**Student:** 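I'd like to ask you about the structure that follows.
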Amino acid sequence: MIAPAAETAASYLPPAGAPVRVRFAPSPTGSLHVGGGRTALFDWLFAHGEARRSGRDGAFLLRIEDTDQNRLVEGATQGIYDALSWFGLTWDEGPDKGGPLGPYTQSERTALYQEHAETLISRGHAYRCFCTPERLERVRQEQQARKEPPGYDRHCRDLDPATVAANRESGLPSVVRFAMPRDGETRVHDLIRGEIVYRNATIDDRVLLKSDGFPTYHLANVVDDHLMAITHILRGDEWIPTAPLHIRLYAAFGWEPPILAHMPLILAPGGGKLSKRHGASAMEEFRANGFIPEALMNYLALLGWSLDGETEIFSKDDLLERFTLGRVSPSPATFDHAKLRWFNQHYINHVLSVGDLALRLVPFLADAGLVPSETGPNHPAFPLLRDASALLKDRLETLADAPDLMGFLLRDELDPYDAALLVPKKADPLATLEALVAVQEALADVDVTDEAATEARLRALAETLGMKAGQLFMPIRVAITGRTQSPGLFETLRVVGPDRVRARLAAAIALLRRHGDESLSAD
RNA sequence: GCCCCCAUAGUCUAGCGGCCCAGGACGUCACCCUUUCAAGGUGAAGAUCGCGGGUUCGAAUCCCGCUGGGGGUACCA
């Protein structure tokens with residue numbers, strides 16, 4: 001546990017007594033990306049951690065941005081809830097939770113956006129545009145041909161009111177565009193990077209309301225953040241280029257903009273945005289691949305944030321205690337699967353209790369048919385699972401490694417293995433066979449659940465046979481586990497238990513006899 | 001092309017003008033422990049602080065330029 005730091009109020013926090021409200025606003029167009037997961041984490045840590053530590057109310061809300069009817073993916077919203085819940089984040093307001101400033105699903109707020117678009121039009125900050133997609137495409141191509149920067153040519157910006165009315169009357173489809181100031185500049189204050197200055201002339205008139213009546217991100221996000229009393233916007237770096245538009249929108253509405261903080265991008269190992277091509281990139285994939293949420297959280301927290309450059313292990317409580325938005329770095333970070341695996345291994349081996357680990361292993365082992373899926377702490381299968389977990393936890397990098405590594409403990413029959421494995425390198429098959437027979441006899445009157453007794457007996461046997469202990473232990477290991485790598489031999493024997501030890505030794509001896517005959521006849 | 005962001009070892013990072021000829025972690029390598037493999041322990045290699053100019057008694061730290069990487073450039077978010 002890390003001691004809480006003496007907290008001096010950061011400059012980006014509101015005056016004492018005023019609340020901090022942040023939101024995570026994913027669109028339900030697929031599974032939740034780790035980049036989104038990290039943004040949600042930082043949102044949550046800021047609201048529930050930093051803000052509350054400093055004596056302010058901190059609220060974390062979830063808003064579903066489903067304004068693109070063409071990209072909606074069925075079940076995606078539920079998937080987002082599941083991913084965030086699994087990750088360990090809880091939200092105070094959201095579509096499923098309700099709250100004072102809902103609804104929290106944008107498709108239920110369309111009237112609101114339309115009203116606000118009209119307000120902008122009436123104030124001269126926006127206008128109806130009747131340009132067809134075909135015309136827009138043509139303009140774009142012409143601009144490219146002339147090597148001009150692409151962008152809307154403001155064709156409809158100064159249509160006279162009569163034309164607009166006539167077009168609307170005749171049912172011509174239209175969008176609402178923002179009337180960006182044509183000169184001057186817009187200053188965006190980013191909490192992480194400082195001030196960014198844009199020349200207004202380089203920003204075109206973006207669409208606010210689409211022809212299907214739904215808003216674009218720009219309008220919906222500004223209207224909702226204001227109406228939901230959001231104080232700080234945490235979002236990905238990819239939003240920096242549209243930040244000036246948003247700032248202009250706040251100004252056009254006469255609203256005070258929230259504090260903006262753009263989180264550094266998460267890059268793929270080869271460069272570029274992290275995607276499916278680079279292995280897992282969605283929260284649910286990490287879950288399915290056997291990563292535990294505590295480890296993922298620890299790893300993700302350190303991608304872009306650090307406490308002191310020294311401390312590496314942070315529990316969820318540590319993070320709530322120590323995270324500060326001000327220490328988030330502006331530079332993009334490359335996702336390193338190897339380091340994530342290290343964290344996961346560390347949590348499995350050193351942080352989780354054995355009982356906890358055993359329980360988390362159940363879904364993975366059940367899928368492989370190794371334990372009943374209903375296995376719980378009081379299930380008859382649990383004690384063996386627990387013992388198996390204790391034995392193998394130091395070589396589990398992910399929960400998904402368990403079926404392969406623990407099969408020999410959880411099943412009575414061993415998977416078929418190559419008889420040659422029984423014979424150590426540079427050892428004689430016949431001598432090995434005799435040694436195993438001797439082991440069989442020696443173990444007949446030894447209680448294998450007594451590790452010390454078993455070890456004493458087998459070491460003595462090795463001496464009697466004139467073998468090095470390791471030479472004798474390897475054939476036993478293979479006979480009992482079916483593989484050349486296993487936990488310590490004596491603890492393995494203990495957990496496998498007397499009956500299976502006996503049966504597996506007999507099976508190994510039989511296998512070696514057959515193998516010997518075959519190699520003789522092959523000569 | 002245009003706009004914008006970023007820049008300390010392969011990777012994540014500490015550093016916010018002298019404590020740094022640069023600290024921690026992952027990865028890599030070696031050794032130790034040892035019945036195998038892990039885990040663990042110890043140690044090593046690895047960064048002309050992207051390059052070039054300034055500012056300063058003094059720069060990884062401040063300023064400018066360049067280069068490189070990345071993002072944006074949709075009636076997607």
Side-chain angles (χ1 to χ4, degrees), chain A residues 25-29 65-68 70-71 129 131-133 136-137 140 143-144 146-152 173-177 188 190 192-193 196-199 201-204 206-212 214-218 220-221 235-244 262 264-265 267 269 271-273 299 302-313 329-343 345-346 349-350 392-397 405 424 455 458-459 462 468-474 476-478 481 483-490 492:
Chain A
S27 59
T29 52
E65 308 218 330
D66 57 345
T67 55
D68 187 343
N70 302 316
R71 297 205 313 152
C129 167
C131 292
T132 62
L136 261 18
E137 181 55 31
R140 209 168 299 138
Q143 287 167 330
Q144 258 167 25
R146 274 180 272 127
K147 298 204 183 260
E148 285 171 9
Y152 181 56
S174 67
V175 301
V176 174
R177 287 184 183 272
V188 173
D190 178 84
I192 314 291
R193 299 153 236 271
I196 306 171
V197 183
Y198 295 83
R199 292 197 316 282
T202 64
I203 304 169
D204 70 349
R206 302 298 294 262
V207 171
L208 300 179
L209 204 61
K210 300 181 264 189
S211 57
D212 64 1
F214 281 89
T216 59
Y217 171 86
H218 312 297
N221 147 68
R235 60 178 16 167
D237 181 305
E238 69 270 23
W239 290 108
I240 293 179
T242 49
H262 293 96
L265 242 28
L267 268 26
K273 294 195 281 193
Y299 175 68
L302 258 13
L303 259 196
W305 173 83
S306 71
L307 176 67
D308 53 13
E310 308 273 310
T311 319
E312 297 282 334
I313 302 301
S329 143
S331 48
T334 305
F335 195 89
D336 183 354
H337 288 274
K339 190 156 187 178
L340 205 215
R341 293 182 81 81
W342 178 84
F343 273 107
Q345 171 274 126
H346 178 86
N349 193 193
H350 301 293
L392 275 319
K393 73 185 181 90
D394 62 1
R395 57 203 74 202
L396 246 36
E397 276 197 318
L405 258 23
E455 178 163 6
L458 289 178
R459 284 194 187 280
K468 282 181 149 178
Q471 282 287 100
L472 178 62
F473 294 171
M474 186 49 84
I476 304 175
R477 164 173 294 111
V478 174
T481 67
R483 46 174 74 209
T484 55
Q485 301 173 356
S486 81
L489 183 58
F490 310 107
T492 300

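Residue numbers begin at 1 in each chain, while the letters A, B, ... track the order of the sequences. Bear in mind the structure is a predicted one, so any value in this text is a computation, not a measurement.
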**Student:** Using whole Å, what does the distance between atom P of nucleotide B:rU34 and atom CG of A:Asp394 come to?
**Tutor:** 17 Å

**Student:** What's the separation between atom CG in A:Asp336 and atom CZ in A:Phe343, rounded to the nearest 0.5 Å?
**Tutor:** 10.0 Å

**Student:** Under 4.5 Å between any side-chain heavy atoms of A:Gln485 and A:Leu405, yes or no?
**Tutor:** no

**Student:** When we call it a touch if two heavy atoms are under 4.0 Å apart, what does A:Pro264 touch: a base, just sugar-phosphate, or nothing?
**Tutor:** nothing

**Student:** Roughly how many Å apart are B:rG10 and B:rC5, using the C1' atom of each and rounding to a whole number?
**Tutor:** 24 Å

**Student:** Does the distance from a Lys or Arg side-chain N to an Asp or Glu carboxylate O, for A:Asp237 and A:Lys273, drop under 4.0 Å?
**Tutor:**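 No, A:Asp237 and A:Lys273 are not salt-bridged.
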
**Student:** Taking atom P in both B:rA60 and B:rG50, what distance in whole Å separates the two?
**Tutor:**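 Nearest-Å result for B:rA60 against B:rG50 at atom P: 10 Å.
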
**Student:** Summarise how protein sits on nucleotides 64-77 of chain B as a single string, 5' to 3': B when a protein heavy atom is under 4.0 Å from the base, S for sugar-phosphate-only contact, - for no contact.
**Tutor:** ------SBSSSBBB

**Student:** Say you pick atom P in B:rU11 and the same atom in B:rG54; how far apart are they, in whole Å?
**Tutor:**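 After rounding to an integer number of Å, I get 30 Å for this pair.
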
**Student:** Determine the minimum heavy-atom distance between A:Phe214 and A:Thr67, stating which atoms define it.
**Tutor:** CB-O, 3.6 Å

**Student:** Please tell me if A:Arg459 has a side-chain N or O lying less than 4.0 Å from either OP1 or OP2 of B:rU35.
**Tutor:** yes

**Student:** Heavy-atom nearest nucleotide on RNA chain B for A:Phe343 versus A:Asp308: which residue maps closer to 5'?
**Tutor:**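 With A:Phe343 and A:Asp308 compared, the 5'-side residue is A:Asp308.
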
**Student:** So, OP1 or OP2 of B:rA14: does either fall under 4.0 Å of a side-chain N or O from A:Ser306?
**Tutor:** yes

**Student:** Starting at atom NE2 of A:His262, determine the distance to atom C1' of B:rC6, rounded to an integer number of angstrom.
**Tutor:**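 Computing the A:His262:NE2 to B:rC6:C1' distance gives 14 Å.
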
**Student:** Using purine N1 to pyrimidine N3 plus N6-O4 or O6-N4 for Watson-Crick, or N1-O2 and O6-N3 for G-U wobble, both under 3.5 Å, which nucleotide pairs with B:rU73?
**Tutor:** B:rG1

**Student:** Using a cut-off of 4.0 Å between protein heavy atoms and nucleotide atoms, how would you tag nucleotides 40-45 of chain B 5' to 3' with B, S and -?
**Tutor:** S-----

**Student:** For the atom pair CD (A:Glu312) and OG (A:Ser306), what is the distance rounded to the nearest 0.5 Å?
**Tutor:**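 Going from CD on A:Glu312 over to OG on A:Ser306, the span is 9.5 Å.
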
**Student:** Checking all strands, does A:Thr334 fall into the base, sugar-phosphate, or nothing category for heavy-atom contacts under 4.0 angstrom?
**Tutor:** sugar-phosphate

**Student:** Check every strand shown and say whether A:Ala469 touches a base, only sugar-phosphate, or nothing at a heavy-atom separation below 4.0 Å.
**Tutor:**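 Result for A:Ala469 = nothing.
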
**Student:** If pairing requires Watson-Crick or G-U wobble contacts with both distances under 3.5 Å, which nucleotide is the partner of B:rG50?
**Tutor:** B:rC66

**Student:** Given atom CG of A:Leu303 and atom C1' of B:rA25, what is their separation to the nearest angstrom?
**Tutor:** 13 Å

**Student:** Using the P atom as the reference point in each nucleotide, state the distance between B:rC26 and B:rG52 in Å, no decimals.
**Tutor:**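 Comparing P positions in B:rC26 and B:rG52 gives a spacing of 33 Å.
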
**Student:** Taking a pair as Watson-Crick or G-U wobble with both distances under 3.5 Å, which nucleotide is matched to B:rG10?
**Tutor:** B:rC26

**Student:** What interatomic distance, in whole Å, is found between P of B:rC4 and the corresponding atom of B:rC12?
**Tutor:** 25 Å

**Student:** Roughly, in whole Å, what's the span from CG in A:Leu472 to P in B:rU36?
**Tutor:** 13 Å

**Student:** B:rU42 and B:rA47: how far apart are their C1' atoms, nearest whole angstrom?
**Tutor:**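 So the two C1' atoms sit 24 Å from each other.
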
**Student:** Applying a 4.0 Å non-hydrogen cut-off, can you work out what A:Arg193 is touching in the nucleic acid: base, sugar-phosphate, or nothing?
**Tutor:**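 If one applies the 4.0 Å heavy-atom cut-off, A:Arg193 turns out to touch the sugar-phosphate alone, with no base involved.
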
**Student:** Of A:Leu396 and A:Trp305, whose closest RNA chain B nucleotide lies nearer the 5' terminus?
**Tutor:**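 By nearest-heavy-atom nucleotide position, the 5'-most residue is A:Trp305.
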
**Student:** Could you work out, with side chain to side chain donor-acceptor pair (under 3.5 Å) as the rule, every residue matching A:Arg177, not counting sequence neighbours?
**Tutor:** none

**Student:** When you get a sec, tell me which of B:rC5, B:rU36, B:rC26 is the closest nucleotide to the side chain of A:Ile196?
**Tutor:**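 The listed nucleotide nearest to A:Ile196's side chain is B:rC5.
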
**Student:** So, using side chain to side chain donor-acceptor pair (under 3.5 Å) as the criterion, who are the partners of A:Thr242 when residues are at least two apart?
**Tutor:**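 Expected list: none.
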
**Student:** Would you kindly check whether a donor in the side chain of A:Lys393 faces an acceptor in the base of B:rA39, or vice versa, at under 3.5 angstrom?
**Tutor:** no

**Student:** Heavy atoms only, 4.0 Å cut-off, all strands: where does A:Tyr198 land among base, sugar-phosphate and nothing?
**Tutor:** sugar-phosphate

**Student:** Of the candidate nucleotides B:rC6, B:rA25, B:rU35, which contains the atom at the shortest distance from the side chain of A:Leu489?
**Tutor:** B:rU35

**Student:** Output the distance between atom CD1 (A:Ile476) and atom OG1 (A:Thr481), rounded to the nearest 0.5 Å.
**Tutor:** 11.5 Å

**Student:** Name all residues meeting the side chain to side chain donor-acceptor pair (under 3.5 Å) criterion together with A:Ser486; count only those two or more places apart in sequence or in a different chain, and write none if there are none.
**Tutor:** A:Arg477

**Student:** On a whole-Å scale, what distance lies between the C1' atoms belonging to B:rU61 and B:rU56?
**Tutor:** 13 Å

**Student:** Side chain to side chain donor-acceptor pair (under 3.5 Å) with A:Arg235: which residues, sequence neighbours excluded?
**Tutor:** A:Tyr217, A:His246, A:His262

**Student:** Can you tell me which nucleotide in B:rG24, B:rU36, B:rC3 comes closest to the side chain of A:Ser486?
**Tutor:** B:rU36

**Student:** Using the six-membered ring wherever Trp is involved, compare the ring planes of A:His337 and A:Phe335 and label them parallel, tilted or perpendicular (cut-offs 30° and 60°).
**Tutor:** perpendicular

**Student:** Sticking with atom P, work out how far B:rG24 lies from B:rC63, rounded to a whole angstrom.
**Tutor:**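 After rounding to an integer number of Å, I get 29 Å for this pair.
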
